Each structure stands twice: as structure tokens, then as C-alpha cells.
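To start, the structure under review is shown below, and the notes come after it.
In this text, all values refer to a predicted model and were calculated from it rather than measured experimentally. In the text below, chain A, chain B and the rest are named by the order of the sequence lines, each starting its count at 1.
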Amino acid sequence: MNVEDLLLQQAAAAVTALYDAQVDEKQLQLQKTRKEFEGEFTLVVFPLTRISRQKPEETAEAIGTWMLENTAAIQAYNVVKGFLNLALTDAFWLGHLQTMRGFSDYGMAQPSGRTVMLEYSSPNTNKPLHLGHVRNNLLGYSVSRILEANGHKVIKANLINDRGIHICKSMLAWQRYGNGETPESSGLKGDHLVGKYYVLFDTHYKEEVAELEAKGIDNETAKKEAPLLKEAQEMLRKWEANDPAIRSLWETMNNWVYDGFETTYRDLGVSFDQYYYESNTYLLGKETVEEGLAKGVLYQKEDGSVWARLSDFKLDDKLLLRADGTSVYMTQDLGTAIERFRQFPDLKQLIYTVGDEQNHHFKVLFLILGMLGYNWAKDCSHLSYGMVDLPSGRMKSREGTVVDADDLVAELDEQAAVATREKGKLEGMSEEELQKLFRMIGLGALKFFILKVDPQRRMTFNPEESVSLNGNTGPFVQYSHARIQSLLRKIPHSMEDAVVTDQTLLAPERSLIALLNDYPRIVKEAGTGYSPALLANYGYDLAKSFNQFYNEVKINDPQSPAAQVHFRLALADMVGRVVKSCMGLLGIEVPDRM
RNA sequence: GGCUCUGUAGCUUAACUGGAUAGAGCACCGCACUACGGAUGCGGAGGUUCGGGGUUCGAAUCCCUGCAGAGUCACCA
């Protein structure tokens, strides 16, 4: 049994013994004791005063006395207003440290038997990945790791939007202005090459619109009638009709993009188990809609278009098939979801990591799936996150005002290299090891910076200023880990003789052990709340507490008994393990030296 | 206009989902340690938690209301 449950059980027993009453869990609030007070756990007794019919202080005093007498692990208690602070014995904490050290995968939950699919990234193939995708990728990947830590089997899915008018725009511009340029001939990364033509399309398209307007045509008409757009639309029709030449060009250019994406994903340290392509899935939704129509769940308008009626949910009706029978975004999402549950019959949950601009879309998607009779619709959820803005405002791909993902990684490598060459302990490291280290630190800074913020929050990202290496940052946590490994390297020891139970603990030692005790709970909460931020904050707290301990206590003090040195090393070792595990759940690696 | 989300120190943010004197980092000022790693630690200053009501032992958190920003309500994805 864990400490918290033990204390809760004893508190309940105390209430029964003292007041002859039962309490339910809601009334027993146990929290961590705030730093300014003595103790490690605090029972909030305000809710219990109804039972005790006494003042909060008297109630706390009575329960404290009873618990102290009846619980071996409790060393002392104190009462502040309605708060009963409990301090556990050194022997208890030392024993508990041993227990924690005994787990090879401390903090990880037992297998749950649940299979969960987590979709993230989901890029378009007409342009390179940018800062917005970076947040998506880091969030999705981290949540997948967290869910695994909670014992679930996770399928990481990427839905690639590889068809549509925007793809045709890049293709058309390349045909017109590309002169056969390829990634090989230009030396450009494939996704960047294609993105270049997407921007080029927009430039020429705007020119055409301006020309038409000069002839006295109004803006709205000009936008619709510009020859380039007409031609792109024609290209899309040909694509849908399986025109061999168009399909061939489409495949070629998409493959350039996929190569580019793979590089970016690898650089970011994220990966996928399943890829889905809209060019395959967009047809799947159509038959579903036809079935829904036949069953009378959906309805058809006079022009032949098919709709879902959502007035019962106080939402506007949603179009699912156009009058000409072609599908929309929602149609293919219906098909994709159904396909996934068919493909993985034991799927218990489907989570979509998508920006909050699509909150409404997913609300509607899940409603329609439910209307169509799929009872797993309740197992679908939208992991929504806020957009990333630049100081200059919102990013716009077409206008080229984006922070490119590859540029960002390169910039971080550079910053990490400068700082590390200046401050680091790098003697004897090969150039290859150094590059790996710089990447680790640069990415550590970026990932921590992005993941420590609650996903729901919109964030402003200043590329020059945002990513710092000091304070509440990834490198700070990484540094603490390197420092611990340095200790373990330099001080002779054997972990076997670190079994110690008769130490007198100093305050920073107690709080470190108590903090280690929190880890499994944090992992669990991060899992239910899909919240990497909880782990980032925990990792920072742990690293900070370790540094406080380190500054206060000289571990390899010749005055200290060997047993004490060994105990402190064992403590440091355990902190290092948990730091590594915790950062791992954020997708952040930690170095042994830096 | 309807619906949804957000608003916390100059900046970036936390608060165990209603608990103690709102906690950190950056920047600013001042200290510590001559080492087991200074990418550190300690202290100072900085807050009407957007404003106004309400609920209760207790509100950044819940309810009402106003203000500001964003998203969405597309036969774009």
C-alpha cells in the first residue's frame, strides 16, 4: 500500500474511533504539506468538523493524537488552523526509498490491457512543417509515451492529407515554373522544394487577380475566375478521374515531401506506428453516408446534397456530401474513424491531437458517429491545443510568415553548441558525440519550453528569446542529471551496501524522498489529463530540490560515516533515474555529461 | 449576433480541480560556496489573480454580469 492510502485509512479509522462515524472519501482531503510548514502530508479537516461538531483546531488535534498513537510510520504532527500536518519517521522514509529503488521501472503502471490510438501531426503535403506542427508533434509524442507509462498499448497514427486543391496548386506551379527541378538538382529538402512552389502559385495567382481587377472586375469574381485557379481545379478533377500523368506527378512530388517529413520527424525525435492517407480514406466515408441516408439518420436536400441534422444539439446542420456527390473533410473523417475501429477491433480509445480551431469540427464528428449508431463514438476524444503565434502575429504559410521546423532545429543546435562549448565539460568527446549532445540540449530546451505550458493555452513564441537554457528549462533538468552522473562516476561506491535504515534525515533529504514518492501519482495524473505539463513541472521540482540538497550537503565528506555517503549516493542515483524517466515521457533525453 | 476558449508580478508561467501568507523562472538588486560540476544555491524587490457582484468556514478556481483578446458557426482542410 502506498503512503497516501495508509494515511487516509488511518484518518478514517481515527474519525470512526473518535466520533463513531463513517466518512466517505470526499471528506478526507490529503495533500502535500507546503514548504513553510513541518511535515510531509496534510489532512484538511474542515470537511470533518460537521462530524466532529468541534472547532477545526480541536478536530485536527484529536485526529492527530489518535493517528500518532496508532500509526507506527508517523513521527509527529502539528496543527495550523484546520490543517493537520503529519511528519513521517526517518525509518519509514528510508525503507520507502529502498522500496522505490527496487523497481526497475519505478513509476510505470502495470499493463492495463487497453489499446489506444493517438493521432497526431497530420500534415498537408504541400509545404514543410512549421512551428505549429512542432507543438502538435511534441505534444502528441509525449502523450503517447505517457499513455504507455500508464500501461496502455498505444498506436501512434499519422493521417496525411495528401490530396485536394492545395496539393494541385503546388503541382501546377511546379509544372509551369519548375523547369524540372528536383530535390537532387536543387539540393533542397523535398518538402521545402514543394513548399516553394506552393508560395509561387500564390504569388502568380495574386498577380492574375490584380490584372483582372485592373480590367474592372470586382475582387470576389476575380478571385474565382483567375486562370491559375481554374487550372488547379481542372487538375483536381483529373486527379479524381485517375488521369495517369497527373497521378504520376502527384506521386513524385508527394514522395519528395515524405522524404523531407521523415527527416524532420527524426530530427524532432518523434515516430509513428500507422500512416493513413486521405487519398485512400476519403472514399470510405461516402458509403457510410449512403448507409446513414438509407437508415433515415441523415437527410437529403432537393439538390441531392446529404446532411446531418444537428438541431437537437443546438448546432447548425452539417453537410456530408455535396450535390455533385463529392465528399468534404467531415466525410473522410467519418470513414477514417470507422476504418480504424475495424482494423483494430480491440481499440478502446481514439484520440485526435489537433489544434483548437477544430474544436467544433470534432464535436460534430463525434456526434454524427454516435447518430450513425457506432457506440464507440463515446470513446473518441479531441486533444485540443492552442495555436502558436509569433510576436508579429499569426503565422501564415501562404505568405511565408512561418517559423520553419527545420530552421528552428538548426538554430537550436547552434545555440546549444555555443552555450555548451562555453560552459560544458566536454574533454575527450568526439565531434560526433558533441553534435549528438548539442541536439539533445537544443531539443531539450525546445520541448520543455513548449510542453511545460498547459496545451489549452495559446502561446506566443519568440524564436530569439523564447528558448532559454537557464532557470525553469530543459537544460536545467538535464544539467542536474549530468551532475548526478558525475557524482556517481567520481565517488567510489557500490550500490549494494547502500541499504541503510538508521540514518537521521536532514530536511532536504526528506523532501527529496517525499518528492520521489510522488512520481507514480504524477504519471497517473498526466495520463488521465493528457498533460505533459505536469511531468515537466515535476521534473523541474525534482531537479531543483536535488540542487538544493547538493548545495547544502557535502556528499563525499570525509567526516561522514561510509554508510551515510552511500545512502546519499543511493538517493542521488534514484533522483537521476526518475529525472531520466520523467524527461523520457516528454521525449527529452538526458546526458551523462554536458 | 450565437456558441466555445483565454485573461495571474514588466515578460514566460504554476497552483494537487474549492484549501494555509497565490508558487516558480527570466530580467533587476544583493549575497554564498574555492568544489562531489557556478547551466548552482540563498535573499531582496515586484500581485486589487481583467473589473463588479454572489455562493461559504475558505474563491485565481464555482455562479451571475461587464470588459478585452482569440477561435468557430464554410459545399476549405
Side-chain angles (χ1 to χ4, degrees), chain A residues 29-37 42 44-47 49-50 55-56 80-83 85 122 124 126 161 163-167 278 303 305 307 314-316 318-324 326-330 332-333 355-361 363-364 384 386-387 389 394 419-420 422-425 441 449 452-454 456-462 465-466 468-473 475-480 482-491 518 521-522 525 529 533-534 536-537 540-541 543-544 546-557 565 568-569 572 593-594:
Chain A
Q29 292 178 34
L30 192 71
Q31 57 192 38
K32 293 211 76 185
T33 302
R34 299 178 63 121
K35 261 187 268 174
E36 57 267 38
F37 302 102
T42 296
V44 184
V45 301
F46 290 106
T49 52
R50 256 178 226 173
K55 288 178 185 166
V80 180
K81 292 193 272 184
F83 298 91
N85 300 321
S122 307
N124 292 345
N126 61 331
N161 178 5
R163 61 162 217 112
I165 188 74
H166 50 293
I167 315 288
E278 287 198 359
D303 65 0
S305 57
W307 297 73
K314 294 182 179 174
L315 296 169
D316 292 342
K318 179 68 195 176
L319 174 100
L320 297 177
L321 282 181
R322 297 190 185 98
D324 64 3
T326 57
S327 64
V328 294
Y329 180 48
M330 184 62 79
Q332 75 82 20
D333 258 3
D356 62 7
E357 58 192 354
Q358 294 194 37
N359 285 353
H360 181 258
H361 172 79
K363 191 174 170 187
V364 170
S384 167
M387 297 288 103
D389 289 321
R394 195 170 175 174
T420 305
E422 182 191 333
K423 303 180 193 171
K425 309 237 168 185
I441 293 171
F449 179 82
K452 77 176 178 184
V453 180
D454 182 84
Q456 251 189 346
R457 271 181 109 98
R458 202 179 173 96
M459 67 192 300
T460 305
F461 189 92
N462 185 332
E465 295 170 13
S466 290
S468 150
L469 308 178
N470 301 320
N472 187 353
T473 66
F476 171 87
V477 181
Q478 290 172 322
Y479 170 79
S480 308
R483 191 182 227 186
I484 288 168
Q485 299 315 314
S486 171
L487 271 177
L488 296 171
R489 275 194 303 271
K490 288 183 181 167
I491 303 175
D518 292 338
R521 200 191 72 236
I522 300 289
E525 284 173 9
L534 285 178
N537 291 326
Y540 173 70
D541 282 345
K544 188 172 166 60
F546 177 79
N547 284 327
Q548 286 168 336
F549 160 71
Y550 182 91
N551 269 278
E552 207 165 312
V553 172
K554 183 168 170 64
I555 293 170
N556 196 21
D557 188 343
V565 174
R568 287 174 174 164
L569 283 173
R593 299 168 52 191
M594 65 187 272

Give [X] one of three labels, base, sugar-phosphate or nothing, depending on what nucleic acid heavy atoms sit under 4.0 Å from its own.
{"X": "A/D454", "result": "sugar-phosphate"}
{"X": "A/M387", "result": "nothing"}
{"X": "A/T420", "result": "base"}
{"X": "A/E552", "result": "nothing"}
{"X": "A/V477", "result": "nothing"}
{"X": "A/D303", "result": "base"}
{"X": "A/S480", "result": "nothing"}

> Roughly how many Å is it from CG in A/L315 to C1' in B/G1, rounded to a whole number?
Replying inline: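 It works out to 16 Å between those atoms.
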> Roughly how many Å is it from CG in A/L320 to C1' in B/C75, rounded to a whole number?
Replying inline: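 Between C1' of B/C75 and CG of A/L320: 11 Å.
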> Should A/Q548 be listed as having a side-chain N or O under 4.0 Å from OP1 or OP2 of B/C42?
Replying inline: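 Checking A/Q548 against B/C42: at least one side-chain N or O falls below 4.0 Å of OP1 or OP2.
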> According to a strict under-4.0 Å criterion, is A/K425 in side-chain N/O contact with OP1 or OP2 of B/G37?
Replying inline: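 For B/G37, neither OP1 nor OP2 has a side-chain N or O of A/K425 closer than 4.0 Å.
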> Mind checking whether A/K490 and A/N556 have side chains closer than 4.5 Å, heavy atoms only?
Replying inline: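 In short, these two side chains do not touch, never coming nearer than 4.5 Å.
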> When you check every protein heavy atom under 4.0 Å of nucleotides 21-31 of chain B, what one-letter string (B, S, -) results, 5' to 3'?
Replying inline: S-SSSS-----
> From B/A14, B/A20, B/G41, pick the nucleotide closest to the side chain of A/F476?
Replying inline: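 Looking only at side-chain atoms, A/F476 lies closest to B/G41.
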>> I want to verify a distance call: between B/G19, B/U40, B/G37, whose nearest atom is closest to the A/N547 side chain?
In response: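 Output: B/U40.
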> Which residues satisfy the side chain to side chain donor-acceptor pair (under 3.5 Å) test with A/N126, sequence neighbours excluded?
Replying inline: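 With sequence neighbours excluded, A/N126 shows a side chain to side chain donor-acceptor pair (under 3.5 Å) to no residue whatsoever.
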> Who pairs with A/R593 by side chain to side chain donor-acceptor pair (under 3.5 Å), at least two apart in sequence or on another chain?
Replying inline: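 With neighbours one apart ignored, the set is empty.
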> Partners of A/Y540 by ring-ring contact (aromatic ring centres under 6.0 Å, His included), sequence neighbours excluded?
Replying inline: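 ring-ring contact (aromatic ring centres under 6.0 Å, His included) list for A/Y540, sorted by chain: A/F476.
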>> Going by side chain to side chain contact (heavy atoms under 4.5 Å, CB included), name the residues that satisfy it together with A/D541, two or more places apart in sequence or in a different chain.
In response: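 So A/D541 forms a side chain to side chain contact (heavy atoms under 4.5 Å, CB included) with A/L515.
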Could you list, one pair per line, each protein nitrogen or oxygen that sits under 3.5 Å from a nitrogen or oxygen of nucleotides 4-9 of chain B, together with the distance?
unit_1: B/U6; atom_1: OP1; unit_2: A/Q456; atom_2: OE1; d: 3.3

